[in-house]
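Presented below is the structure to which this report refers.
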Amino acid sequence: MKVLPLAGTGLVLALAVSLAAAPEGSSWRMKADYVEACSCHLFCQCYFNKQAEHPMCEFNMAVTVREGHSGNVDLASAKYWLTGDLGDKWGAEKKGSWVTVSFDPKTTQAQRDALAPIILKTYGLEWPELKVPMSPIEVHQSGDIVEAKLADGKQAYMKLKREPGTDGKGVVLKNVNYFNAVQNDGFQMYKSIEHRADLNGHQFSYSDRNAFLITIVSQEPKKQ
């Protein structure tokens with residue numbers, strides 16, 4: 001695992017550093033594809049309540065930017081992976097428990113610096129523990145199965161199976177917000193065959209739990 005040059009020691013606040021360094025007033029917009037799984041049962045109640053199913057919501061998210069920009073930085077094809085735990089105060093206090101944001105080494109320094117504030121603003125949460133390493137990210141889909149690996153599966157791994165629905169073509173939940181994203185094309189329902197992480201002193205492993213694929217649009221809020 002390679003730590004970004006802007007990451008310091010111990011508790012890393014690299015995203016906050018990048019946010020402070022971002023050009024003031026620069027506009028940004030991003031369309032990204034998410035592969036996501038968590039410790040809740042299908043479907044994650046965090047989207048309808050201010051608390052998770054359990055005192056925690058341990059998650060993996062593999063993200064590929066389809067298109068986007070921040071100022072003059074092209075964000076297309078950038079990849080990052082979020083592993084963490086929303087904890088039990090995210091809804092009431094807007095504070096998560098911990099998160100690691102791993103960037104694929106193929107992302108440029110300019111892309112990483114630009115994506116940092118976008119990631120923070122998409123979720124709108126404070127993170128007492130925030131670390132930012134670099135590790136390779138792979139996402140593959142074959143029929144009803146999606147597989148995603150962080151560091152070849154050593155640090156985090158998801159293998160998901162699509163819920164077939166009554167017609168066998170899948171189940172899509174629409175008209176539900178994805179955190180602070182301004183648009184999404186619906187939650188394509190999956191269940192985890194395997195969903196695990198072993199990263200920065202945190203470990204978890206689940207199966208037969210909530211998972212989904214979704215494409216979201218995040219953009220700079222309009223000034224009042």
Could you tell me which non-hydrogen atom of V139 sits nearest to which non-hydrogen atom of A62, and how far apart they are? CG2-CB, 4.0 Å
Report yes if the side chains of T122 and I216 come closer than 4.5 Å at any heavy-atom pair, otherwise no. yes
With a 4.5 Å heavy-atom cut-off, do L115 and M30 have their side chains touching? yes
E194 and S207 side chains, donor-acceptor separation under 3.5 Å: no
Looking at every heavy atom in both V171 and P164, which two are closest together, and how far apart are they? CG2-C, 4.4 Å
Side chain to side chain, S27 and H69, heavy atoms closer than 4.5 Å: yes
side-chain contact (heavy atoms from CB on, under 4.5 Å) assessment of L173 paired with M189: CA-CA 7 Å; L173 176 65; M189 301 289 193; 3.5 Å; yes
Is it the case that one hydrophobic cluster holds both I193 and F43, taking links as side-chain heavy atoms less than 4.5 Å apart, direct or via other members? no
Please name the pair of heavy atoms, one in L125 and one in G96, separated by the smallest distance, quoted to 0.1 Å. CB-N, 4.3 Å
Does one hydrophobic cluster hold both F59 and Y34, with members joined at side-chain heavy-atom distances below 4.5 Å? yes
Exercise: identify the closest heavy-atom pair between R162 and K169: NH1-O, 3.8 Å
Going by the salt bridge (Lys or Arg N to Asp or Glu O under 4.0 Å) test, name the single residue among D185, D74, D33 that passes it with R66. D33
Linked, directly or transitively: W98 and L120 (ILVMFWY side chains, under 4.5 Å): no
Measuring from E36:CD to C38:SG, what's the distance to the nearest 0.5 Å? 7.0 Å
Would you say the side-chain atoms of Y178 and Q183 include a donor-acceptor pair closer than 3.5 Å? no
When the ring planes of Y47 and F187 are compared, do they come out parallel, tilted or perpendicular, using 30° and 60° as the limits? perpendicular
Please report the shortest heavy-atom distance between Y157 and K149, naming the atom on each side. CD1-CG, 3.7 Å
With a 4.5 Å limit on heavy-atom distance, are the side chains of E138 and K79 in contact? no
Please report the interatomic distance CG(L150) to CD1(I137), rounded to the nearest 0.5 Å. 6.0 Å
Can you tell if the side chain of V35 reaches within under 4.5 Å of the side chain of I214, non-hydrogen atoms only? no
Decide side-chain contact (heavy atoms from CB on, under 4.5 Å) for S135 and F103; before the verdict, give the C-alpha distance in whole Å, the side-chain angles of both, and the deciding distance to 0.1 Å. CA-CA 6 Å; S135 296; F103 284 102; over 6 Å; no
Test your reading of the model: is there a side-chain donor-acceptor pair from R112 to the backbone of T107, 3.5 Å cut-off? yes
Go through it in stages, so that I can follow the logic: the residues are V63 and W81, the test is side-chain contact (heavy atoms from CB on, under 4.5 Å), and I'd like the CA-CA distance, side-chain angles, deciding distance and then a yes or no. CA-CA 6 Å; V63 185; W81 185 300; over 6 Å; no
Donor-acceptor pair, distance only, cut-off 3.5 Å: does the side chain of S192 make one with the backbone of R209? yes
In terms of the angle between their ring planes, are H195 and F204 parallel, tilted or perpendicular, with boundaries placed at 30° and 60°? tilted
For atom CG of D167, decide whether the heavy atoms of other residues, nucleotides or ligands shown that lie under 6.0 angstrom number more than 12. yes
Any donor-acceptor N or O pair under 3.5 Å, side chains N60, T83: yes
Candidates V99, V101, V132 - the one meeting side-chain contact (heavy atoms from CB on, under 4.5 Å) with I119: V101
With a 4.5 Å cut-off on side-chain heavy atoms, are K161 and K191 touching? no
Would you confirm whether S70, through its side chain, and V73, through its main-chain N or O, come within 3.5 Å as a donor-acceptor pair? no
Give a yes or no on whether a salt bridge exists between D104 and K106, defined as a side-chain N under 4.0 angstrom from a carboxylate O. no
Locate the shortest heavy-atom distance separating P133 from T100; write the atom from each residue and the value. CD-CG2, 3.4 Å
Pairwise distance CZ(F179) to OG(S218) - rounded to 0.5 angstrom: 11.5 Å
Are F212 and Y190 close enough that their ring centres sit under 6.0 Å apart? no
Nearest-0.5 Å distance that lies between atom CD in Q219 and atom NZ in K121: 12.0 Å
Hey, does E163 have a side-chain heavy atom less than 4.5 Å from the side chain of L42? yes
Pairwise distance CD(Q111) to OG(S77) - rounded to 0.5 angstrom: 8.0 Å
Any luck finding a side-chain donor-acceptor pair between E58 and H202 under 3.5 Å? no
To the nearest 0.5 angstrom, please state how far the OG atom of S102 sits from the CE atom of M134. 10.5 Å
Does one hydrophobic cluster hold both L86 and Y123, with members joined at side-chain heavy-atom distances below 4.5 Å? yes
When you compare the side chain of C44 with that of C57, does any pair of heavy atoms fall below 4.5 Å? yes
